[in-house]
Amino acid sequence: MIHDRPTRRTILATGSAAMAAALLTGASGLLVPARAQGLAPTPSMRGGSNNYLPGAPIVDRIGGGGFWMTGSVRRAGDGAPLAGVRIQIWAHTTEGHERDPHSHGATLTDANGQFRLEMPQIVPAFGQPHGHLAYDDHAFQTVFLRPVMPSVRDTSLSAQFVLQPA
Amino acid sequence: MRLRPVLIWGALSAAIVVPLAVAATSPLLAWRDPVYIGAGLAGVAAMALILLQPLLAGGYLPGLPPLRGRRVHRWIGGTLVVAVIAHVAGLWLTSPPDVIDALLFTSPTPFSAWGVIAMWAVFASALLAILRRQRRIRPRRWRLAHTTLAMVIALGSVIHALLIEGTMGTVSKTALCLLVLAATAKVMLDLRVWALWSRRRA
């Protein structure tokens, strides 16, 4: 196969292409430095861990349901969705205070890193209608979130986790 | 004129009773235990007492001219301390970490800090009133300190209450808060408190 053998022309062509690619990559790295660091991990929110009871059981639904807590879990850096991650959820609802064990439950993320747990309607407590979520297992660093509902009439609330490997 | 006192007392009673009644019949109470309900109502009652204080200090209420008014003012002050303690203690029992966050100024809710500032101003004001006789604090110094604390209490409590999504109705809460600010401003103007700051030597 004579035409497969590298000639001076092909060496020059591939060499210049590689140099151009290297230059472009380097330049884009300078122009968009954030891309080099990747997706930043979610920091814990103030008050996020309040009334946390570690080890909430994985449940199909907390209490009678009627309200949806949804969200996603991704890995810091590359943003890859994380499947089978346990997210613990609790709130002051129509069925109990935050400190009540029956107000707590956990769920696992699906193959796309999404989670969704039905729970009783969240009602305002301590001045704001809010929920609590926790990632607290070994593979990643612990994160506590405390999202606030934009309106007290909302029947769902979502929270996004970006986890940093432990 | 008998109509004027009736109107003043009637309006004042309405300004206090309506917010309390709205809070006491809030739908949110269905999902709260008695301690939490009591803590919330103690807060509403404290706000009502904060409205009474400048009116008593200024001697604006019929039948309570300045000298008698101020004797009642002292008693209401003591009651206010009790109401604030009941408010904070009840919330502490309901959710200790939330109250600890508030007291340490690390709460996620902005209204907490204003409430805690107003609380310390209430306690400082009461302590100063007790020490005033014992330590023979000079009238001018006393007035300067007490009026400053009173302004902090009124403003801090109003911001605290307005930012909360709680049992008080929006309209009655706003009305009560505006009355607190108006009454505090009026007594400050009438007693010419700025003179305490501007003229160092009387």
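Here the structure is a predicted model, which is why all the values come from computation and not from measurement.
At a 4.5 Å heavy-atom cutoff, the contact between T93(A) and chain B is made by backbone atoms alone. For S112(B), no part lies near chain A; criterion is any non-hydrogen pair under 4.5 Å. Both the backbone and the side chain of S95(B) have a heavy atom closer than 4.5 Å to some heavy atom of chain A. Looking at I100(B), there are no atoms closer than 4.5 Å to chain A (heavy atoms on both sides), in backbone or side chain. Heavy-atom distances place both the backbone and the side chain of D98(B) under 4.5 Å from chain A.
Here the two rings, on F111(B) and F126(A), have centers that are 6.0 Å apart or farther. When ring centroids are compared, H104(A) and W90(A) come within the 6.0 Å threshold.
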* To do: Mind running side chain to side chain contact (heavy atoms under 4.5 Å, CB included) on R99(A) and L53(A) for me, showing each step along the way?
  => CA-CA 8 Å; R99(A) 60 169 193 269; L53(A) 300 174; over 6 Å; no
* To do: Take L12(B) and L51(B) through the side chain to side chain contact (heavy atoms under 4.5 Å, CB included) test and state the conclusion after the steps.
  => CA-CA 9 Å; L12(B) 182 61; L51(B) 170 61; 3.9 Å; yes
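Residues F161(A) and F140(A) fail the side-chain proximity criterion, which asks for heavy atoms closer than 4.5 Å.
Across V123(A), V152(A), V148(A), T94(A), the residue that shares the most heavy-atom pairs under 4.5 angstrom with chain B is T94(A). Contact count versus chain A (heavy atoms, under 4.5 Å) is highest, among T167(B), T94(B), V99(B), D101(B), for T94(B).
Between the side chains of E98(A) and H130(A), at least one donor-acceptor pair of N or O atoms lies under 3.5 Å.
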